[in-house]
Amino acid sequence: MEKRVTFSSWTIGILFAVPQLLLIFTFFYWPAGQAVYWSLTLQQPWGGGNIWVGLDNFRSILSNADYWNSITASLVFAGISTGLAMFIALVLAALTDRQLAGSRFYRVVLIWPYGIAAPALAMAFRFILAPEAGFMAVVNQVWPGFWDPGLNGADAMASIIAAFSWKYIGYNFIFFLAAFQAIPRSLIEAAAMDGSGVVRRFWDIQFPLITPTIFFLLVINITESFQDSFGIVDIMTSGGPANATNLMVYKIYSDGFKGLDYSGAAAQSIILMVLIVVLTIFQFRFIERRVHYR
Amino acid sequence: MASITIRDVKKSYAKSQVVHGVDLDIASGEFVVILGPSGCGKSTLLRMIAGLEEISGGEIAIDGTVVNKLEPRERGCAMVFQNYALYPHMSVAQNIGYSLKVAGVPAAERTRRIQAVARTLELEHLLDRKPMALSGGQRQRVAMGRAMIREPKVFLFDEPLSNLDAKLRVQMRSEIRKLHRRLNATSVFVTHDQVEAMTLADRLVVMNGGRVEQVGTPGEIYNRPASRFVATFVGAPAMNILEGTVELDGISLLGGSRRLAVQRAGLAVGAQVAVGIRPEAVRLVAPGTAGALDATVDLVEELGAGRVIYVDLDGASFSVMTSEAVHPDPGSTVGLRFLLDDMHFFSSQTGTRLEVFKASVPEPAL
């Protein structure tokens, strides 16, 4: 029987919950409510009153080609970076789980990138991927003009994807490794006795058993790629060139705080929130069916 | 069907050696049980046969082929694991048929063979269930089915019954025995449960501390234990052991406080021996009977068909099992009498069995 702490009095329970509720209210519900309100009004950039405009802000955003470009860029970024970060982490975790030589080394080292703040790692990647001086300069010397994120939108997108994936590989790796290690050794041994080789065992036994973790990481990675990408974009490309990396979260910031269009930015943040909610619901509805919970 | 030959097999991990040179020959079709306390290396030995542990030294051959370097799947063994190791995301049918699927057996034949195995094990109505939805005994049977369907040369069992409740264990025990009689495949069964070992084995291997203590039929192991360890490990309640010194006309026991007037029967005078008597070989007699040892009753355990009487022999505890209708009260005095034929002698130093001349000696004058 699981032991549960119960409170004899209802008020004591509430009192314990109050600090957390206060935090959630102050830093989530209140700002979110404020954003909803702003998105329905026209805010003065320097304060001093507003005008109720209903859904006009949304209409103007959704009829703007720049905004649709931003949505496309965000989806491309989310899809590729989630795929890369999860695939590479899965391979590394599978190798570590097999206790191959050096697995102890990567188990420690692969966790570090997640501990680095996005702007700091973006700074590092900006140097590494600089076309004139970094690692890519060597490639440019062989094929002149091959790589220039300052001019080529695809190169810029590849740069921010590389930086973001690099950070999340470490995060995903920890979860994948934990999932692999939770599979009883005897299951793998039983499969070996049944004549299954290493690769076959991975697909038949290990992969289906870690599907809950894959699903969890998919939701987290997609959500984070919409939100945690801000620091990377800001430092590495500032949304350029020609809006190629102007992801939704970055556009909210630049329209709102640089363009001083608070109402438009608020409307964009509501759309971003709705998009993430819809994507998460979609994942739960259609992908979770293929998950084997034990 | 296959024979297994084990030659001087050793296993060591980074720091410690857990199996110290085991030699064993298992004939084709034989049911061999490896019995020993936990940590004696019995499971490690089994896993080395299966190919799940690397062999640090020596040689294992199945049907004359040395398998040391072969992958588990190339050895033709099937194994039943202690925790069953059923694939939780597959149905019973998929669990049983997995090895055939891996081997590329066509779906139609696979279904036919799964059905056949399920019929033998009475699992037909459960084929679509997931392991989660099965009881312990059913899971056990699925694990057996998974091993059976491959028609392996060798069956390996790693304490497969230890997770079942007592009643189910007895039932599965006889099912395994019946199955073996029908399939007649070479089987190696590892257990720490001596009842399981005695009832299942054609031949019993008793292991301790990474070494084989004795190999023999259950009868041989029980009646002529080769060492003090085997004597006390096999049999319940355990064999009584009394330390003593051999004298000219008998044995002085328990540091001289008791004497047993028996013929030396070949034991050297002055030798330190451990005298073993099985609880069921002790006869209760009236206190003060000549040649018997008097002891104080500590505790009586009623078993229904009989009872175990624990007595105190100058501080040494001693048990007597009797089916006679005697009910001594705790604290009362009883006489214990045993025959030379029922006594086992072990060297106090090495624990090995000391042979005595029994057949030629008539019942000694007590």
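Every chain is numbered from 1, with letters handed out A, B, ... down the list of sequences. When reading the values below, keep in mind they use all heavy atoms of this one structure, side chains included, and skip hydrogens, waters and symmetry mates.
Crowding of Asp165(B) atom CG: a count of heavy atoms from other residues, nucleotides or ligands under 6.0 Å exceeding 12. Dense packing is recorded around CZ of Phe216(A), with more than 12 heavy atoms of other residues, nucleotides or ligands lying under 6.0 Å away. The 12-atom threshold is not exceeded at CD of Glu122(B), counting heavy atoms of other residues, nucleotides or ligands nearer than 6.0 Å. By the neighbour-count criterion of 12 heavy atoms within 6.0 Å, atom CD of Glu109(B) is densely surrounded, having more than that number from other residues, nucleotides or ligands.
Contact record, Pro72(B) with Ala192(A): CB-O, 4.0 Å, taken as the closest heavy-atom pair. Here the closest heavy-atom approach between residue Tyr98(B) and residue Ser196(A) is recorded as OH-OG, 3.0 Å. A pairwise comparison of heavy atoms in Val102(B) and Gly195(A) identifies CG1-O, 3.2 Å as the closest pair. Closest of all the heavy-atom pairs between Ile205(A) and Met90(B) is CD1-CE, 3.9 Å.
Interface residue Phe81(B): only side-chain heavy atoms are found under 4.5 Å from chain A. There is no contact between Ala103(B) and chain A, counting heavy-atom distances below 4.5 Å. For a residue to count as touching a neighbouring chain, one of its non-hydrogen atoms must lie under 4.5 Å from one of that chain's; by this rule Leu100(B) does not touch chain A. Neither the backbone nor the side chain of Arg75(B) comes within contact range of chain A; no heavy atoms are under 4.5 Å apart.
The shortest side-chain heavy-atom distance between Leu52(B) and Met193(A) falls under the 4.5 Å cut-off. The closest side-chain heavy-atom distance from Met79(B) to Glu189(A) is not below 4.5 Å.
One finds the CG atom of Asp204(A) at 6.0 Å from the NZ atom of Lys101(B) (value rounded to the nearest 0.5 Å). Annotation: the span from Leu187(A) atom CG to Tyr84(B) atom OH amounts to 14.0 Å, rounded to 0.5 Å.
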